[in-house]
Amino acid sequence: MPHTVALLAAASDDQGPGNTIRIVLLASLIGSALLAWFLLRGYRNDDNKD
C-alpha cells in the first residue's frame with residue numbers, strides 16, 4: 001500500500017500545498033496593506049477642519 005501512495009503522489013500534477021500557500025500569502029499581504037491604510041488614515045492631519 002505505501003508503494004501505491006508514493007506512485008500516486010509522484011504521478012499527480014498538484015504536489016504539495018504550493019498553490020494554497022501562495023494564495024494565503026497573497027491574501028495576507030493584501031489584508032495587511034489594507035489594514036495599515038485603514039489605521040494610518042486616521043493619523044493624518046486635516047488642516048481644513050474649522
Side-chain angles (χ1 to χ4, degrees):
M1 188 66 168
H3 300 293
T4 306
V5 174
L7 286 175
L8 289 175
S12 69
D13 292 333
D14 185 24
Q15 293 186 6
N19 288 334
T20 305
I21 290 176
R22 285 188 199 111
I23 292 170
V24 168
L25 285 175
L26 184 63
S28 65
L29 287 173
I30 292 172
S32 298
L34 288 174
L35 180 64
W37 171 78
F38 180 74
L39 291 175
L40 291 174
R41 73 182 184 124
Y43 291 112
R44 68 177 179 203
N45 293 328
D46 287 332
D47 293 333
N48 295 333
K49 288 184 178 180
D50 288 335

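Not measured: the values here are computed from a predicted model.
Note that CD1 of Ile21 and OG of Ser28 are 11.5 Å apart. Values are rounded to the nearest 0.5 Å. Distance CG/Leu34 to CG/Leu29: 11.0 Å, rounded to 0.5 Å.
At a threshold of 4.5 Å between side-chain heavy atoms, the hydrophobic network of Ile, Leu, Val, Met, Phe, Trp and Tyr places Leu26 and Leu35 in two separate groups.
By the side chain to side chain donor-acceptor pair (under 3.5 Å) test, Arg22 pairs with Asn19, sequence neighbours left out.
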